[in-house]
Amino acid sequence: MIASRARIFLYSFAALIALAGLTDATYLTVQYLTGETAVCGGSPDCFKVLGSAYAHIGRIPVASLGVLAYFSAFSFATFAAFDYARARKLFVWLVWAMFLATLWFLFVQTFLLHAFCRYCLFSAAIVFLLTGLVVASPTSD
Amino acid sequence: VVAKQYLPFIIVGAVGILTMTSGAVLYRAKRPPVLTLTSDRSATANEGNGSVHIRGPADAPVTLEEFGDFQCPPCGILAGPIKQLETDYPQSLRVIFHHFPLITHQHAQKAACAAESAGLQGKFWEMHDVIYREQSQWSKAPDVQPLFNAYAGILGMNIERFQQDMNSDKVKARVDADQKHATSLGVQTTPTIFINNRAVDPAKLSPDNLRAAVDTAVRTSALGKNPAEKQSAK
């Protein structure tokens, strides 16, 4: 009973965190699509990162993949909170994939672009928090 | 029990709809308006009085008009490709440059004044090219004056006069006039580029897209179907 309550609390919290990431990624996607990241005068800090070649795969902005990932994380966490066992597994796998992607983006910002975007760092913090929750979650899951 | 069974679906569905809706609303709010220059407000209306910087033949069918900030990296990125376009279309393309130094860039105003001062010695475009080419160097310098003096020297200018002009009211007024003109047209960001009086979508301001837009304008003009003329005809 206590484990079940802890799980509900844990995944509800994870869903809320994923929601914050979803907001961030949606904002970045809109910035990319409106061209704000390709010019000066809009967002002064981030165009070096968001306007770089690493910010899109072909014509698809990486931020939109972030929207997908965070929405999936939110969905899996919500279902997991409602005791869907399969959603718990999917959530764990997704968070680890997001963690690896975040490491890559931090590497790109630090060593290749020598520039940081605060929205990207916020996203990285969220993924680290989600990873921490996954690591801290009961092993019985 | 049934309600609880459907609750996660309802929550996830609601968040999905909310995300798409808020994304669409934000996109509409942030999307810059498509700017169009009317014939009386375009640079060509003032070109007779010598206050406009134009490179290329006067009768070129395609005009690329840029509102730029010398310290803006995307402007610097596009400077080379635009020069290449001028080389590729020597008879069909002319380029017009207006200053729009952003307050967020520490040396942008001074760079604009440097280009204007060079213009007073007949070297505006030469200085324009050097300042863009060397953008990464002077942008980081705490004091840009020695670097701009050096560029003036390389271009064979009178450095003393150049330095005096840079601080003159005449040059500052010229830069301010460009900025006011840009603001009155609704320009907010740099680079803002017009091709035959129609602004290029900021989301499509990559070198490749710009080349494609100029290619299309040149081809269209060759067929005698200038999109700007068609637009005004409507």
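Worth saying up front: this structure is predicted, and the values here are computed from it rather than measured.
Of the two parts of A/Leu33, the backbone and the side chain both hold a non-hydrogen atom closer than 4.5 Å to a non-hydrogen atom of chain B. Using a 4.5 Å cut-off between heavy atoms, B/Ile11 contacts chain A through both its backbone and its side chain. Only the side chain of B/Leu205 comes within contact range of chain A, judged by heavy atoms closer than 4.5 Å. For B/Phe9, the parts lying under 4.5 angstrom from a heavy atom of chain A are both the backbone and the side chain.
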**Study point:** Derivation and outcome, ring-ring contact (aromatic ring centres under 6.0 Å, His included), residues A/Phe116 and A/His114
**Key:** CA-CA 7 Å; A/Phe116 291 96; A/His114 306 288; 9.3 Å; no
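Scanning for ring pair (Phe, Tyr, Trp, His ring centres under 6.0 Å) contacts around A/Phe122 gives an empty result, with sequence neighbours left out. For the ring pair (Phe, Tyr, Trp, His ring centres under 6.0 Å) test, residues two or more places apart in sequence or in another chain that qualify with A/Phe128 are A/Phe99.
For a disulfide, the SG atoms of both cysteines must be under 2.5 angstrom apart; this holds for B/Cys72 and A/Cys40.
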